[in-house]
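One structure is given below, encoded as structure tokens.
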Amino acid sequence: MKFATWNVNSVRLRQNLIADWLERHDPDVLMMQEIKCETAAFPADFFIERGYASAVVGQKSYNGVATLVKGDRTEIVTDHLPGFDNPAARYVEIRTQGLVFGNLYLPNGNSGGEEGYATKLAFFEALTARAEHYLREETDFIFAGDYNVCPAAGDCAPGALAPDDALVRPQTRAAFRRLIWLGLTDALRALHPTETLYTFWDYQAGAWQRNSGIRIDHALLSPRVAERLVSVFPDKDERAMERPSDHVPLLVTLRDKTEG
DNA sequence: ATGACCTTCCGTGAAGGA
């Protein structure tokens with residue numbers, strides 16, 4: 001089973017790029033963030049023609065998440081993160097393959113002053129509660145998306161972010177650790193504990209050419225899912241494409257349940 | 001170097017991104 005998370009930075013602008021990537025990698029599930037369109041404007045038919053049903057939570061201009069699932073139908077479990085009292089389109093949850101897939105786009109936290117930053121922490125609090133809920137009832141889950149968190153020093157190229165950026169603030173990293181410490185596995189670090197691997201390179205200042213990247217897109221796995229982990233990598237090649245997103249897909253492969 | 005880049009919108013610059 002293969003799944004991926006990808007902040008696509010406008011799904012309409014990049015639908016062909018996404019379709020090409022789907023054809024090459026053939027994931028069962030693709031969780032997209034920053035689709036930047038209303039739900040009704042999402043190119044659902046385009047993806048149906050390519051073998052994927054979609055679960056879409058959009059809004060005008062900003063944010064927006066959508067999960068593609070191989071097949072002709074899928075159903076939304078929730079179109080918002082329970083306990084996060086905010087209308088922004090930042091969370092969609094589905095079930096498929098015996099798993100819950102939470103697709104999330106965490107607030108950046110650099111805009112809106114301390115209130116904007118507090119919104120980021122509030123999202124984390126609600127996400128942590130959601131994880132606790134599923135752990136308690138022993139439901140296997142994957143929470144993947146754009147966390148807007150650089151978990152550790154090695155996840156940030158020197159100078160790529162200011163020391164007080166909301167992506168690296170101590171409180172931000174602590175919130176991420178609290179979530180992990182419930183017993184979740186950061187898929188990438190489980191298999192690549194020290195390798196320098198990024199998922200985002202700014203469009204500005206030749207960040208890509210200088211490899212001035214950061215790792216902010218993550219897939220967190222509940223315990224039984226983590227045991228099935230086979231491979232995980234950020235598909236860096238995608239950043240070198242024509243008119244790319246500033247994020248690349250993070251692709252994860254799991255063993256089938258029956259393979260033990 | 002207060003720089004740079006990209007996307008959206010009843011847009012023609014501003015806001016948000018990270």
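Lettering of chains follows the sequences in order, A, B, ..., and the numbering in each one begins at 1.
At whole-Å resolution of the value, CZ in A/Arg12 and C1' in B/dC9 are 10 Å apart. Atom NZ in A/Lys120 sits about 9 Å away from atom P in B/dA18, given to the nearest Å. For the pair A/Arg210 CZ and B/dG3 P, the computed distance is 14 Å after rounding to whole Å. The separation between A/Asn7 atom CG and B/dC6 atom P is 16 Å, rounded to whole Å. To the nearest angstrom, P of B/dT8 lies 10 Å from CD of A/Glu34. Computed from coordinates, the A/Asp202 CG to B/dG3 C1' distance equals 13 Å when rounded to whole Å. Rounded to an integer number of Å, the gap from NZ of A/Lys36 to P of B/dG16 is 12 Å. Residue A/Arg239 contributes atom CZ, which lies 12 Å from atom C1' of B/dA18 at whole-angstrom precision.
As rounded to the nearest Å, B/dG16 and B/dC10 have P atoms that lie 15 Å from one another. Here, B/dA1 and B/dG13 have their P atoms 30 Å apart, quoted to the whole Å. Rounded to whole Å, the P atom of B/dA18 lies 15 Å from the corresponding atom of B/dC6. Look at the C1' atom in both B/dT2 and B/dT12: the space between them is 25 Å, to the nearest Å.
Residues A/Thr96 and A/Val29 meet the side-chain proximity criterion, which asks for heavy atoms closer than 4.5 Å.
In terms of modelled atom types and a separation under 3.5 Å, the side chain of A/Arg210 and the main chain of A/Ala205 share a donor-acceptor contact.
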Pairs under 3.5 angstrom only: tabulate donor-acceptor contacts from the side chains of residues 142-153 of chain A to other protein residues two or more places apart or in another chain.
from     : atom 1 : to       : atom 2 : distance (Å)
A/Asp146 : OD1    : A/Asn148 : N      : 3.0
A/Asp146 : OD2    : A/Asn7   : ND2    : 2.9
A/Tyr147 : OH     : A/Phe143 : O      : 2.8
A/Asn148 : ND2    : A/Leu106 : O      : 2.8

Name the atoms and distances for all side-chain donor-acceptor pairs under 3.5 Å in residues 38-50 of chain A, with sequence neighbours left out.
from    : atom 1 : to      : atom 2 : distance (Å)
A/Thr39 : OG1    : A/Gly58 : N      : 2.9
A/Arg50 : NH1    : A/Phe46 : O      : 2.8

Donor-acceptor pairs are to be reported for all side-chain atoms of residues 176-185 of chain A against protein atoms at under 3.5 Å, with residues two or more places apart or in another chain.
none

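By the side-chain contact (heavy atoms from CB on, under 4.5 Å) test, A/Asp79 is found to be paired with A/Val57, A/Ile76, residues two or more places apart in sequence or in another chain being considered. Qualifying side chain to side chain donor-acceptor pair (under 3.5 Å) partners for A/Thr253, counting only residues two or more places apart in sequence or in other chains: A/Ser231.
Counting only heavy atoms from C-beta on, A/Ser61 has its side chain closest to B/dC9 among B/dA18, B/dC6, B/dC9. Distances from the side chain of A/His247 to the nucleotides B/dA4, B/dG17, B/dA18 place B/dA18 closest. Here the side chain of A/Arg90 is nearest to one of B/dA18, B/dC9, B/dG17, namely B/dG17.
Backbone-only contact: A/Tyr105 has heavy atoms under 4.0 Å from sugar-phosphate atoms and none from a base. Looking at heavy-atom distances under 4.0 Å, A/Asp146 makes contact with sugar-phosphate atoms alone, never a base. Using a 4.0 Å heavy-atom criterion, one finds that A/Asn9 contacts the sugar-phosphate atoms exclusively. Among the protein residues, A/Asn148 comes within range of the sugar-phosphate backbone only, with heavy atoms under 4.0 Å from sugar or phosphate atoms but none that close to a base. A/Leu13 comes within 4.0 angstrom of the backbone, heavy atoms only, and of no base.
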ask   = Are A/Asn9 and A/Lys36 close enough, and set up right, to give a side chain to side chain donor-acceptor pair (under 3.5 Å), and what steps lead you there?
value = CA-CA 7 Å; A/Asn9 186 18; A/Lys36 294 191 172 179; 2.9 Å; yes
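Nearest-nucleotide assignment on DNA chain B puts the 5′-proximal partner with A/Ile35, out of A/Leu167 and A/Ile35. Checking A/Phe200 against A/Gln204, the closest nucleotide of DNA chain B that is more toward the 5' end is the one next to A/Gln204.
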Dump every N/O contact between nucleotides 10-14 of chain B and the protein below 3.5 Å, one line per pair.
none

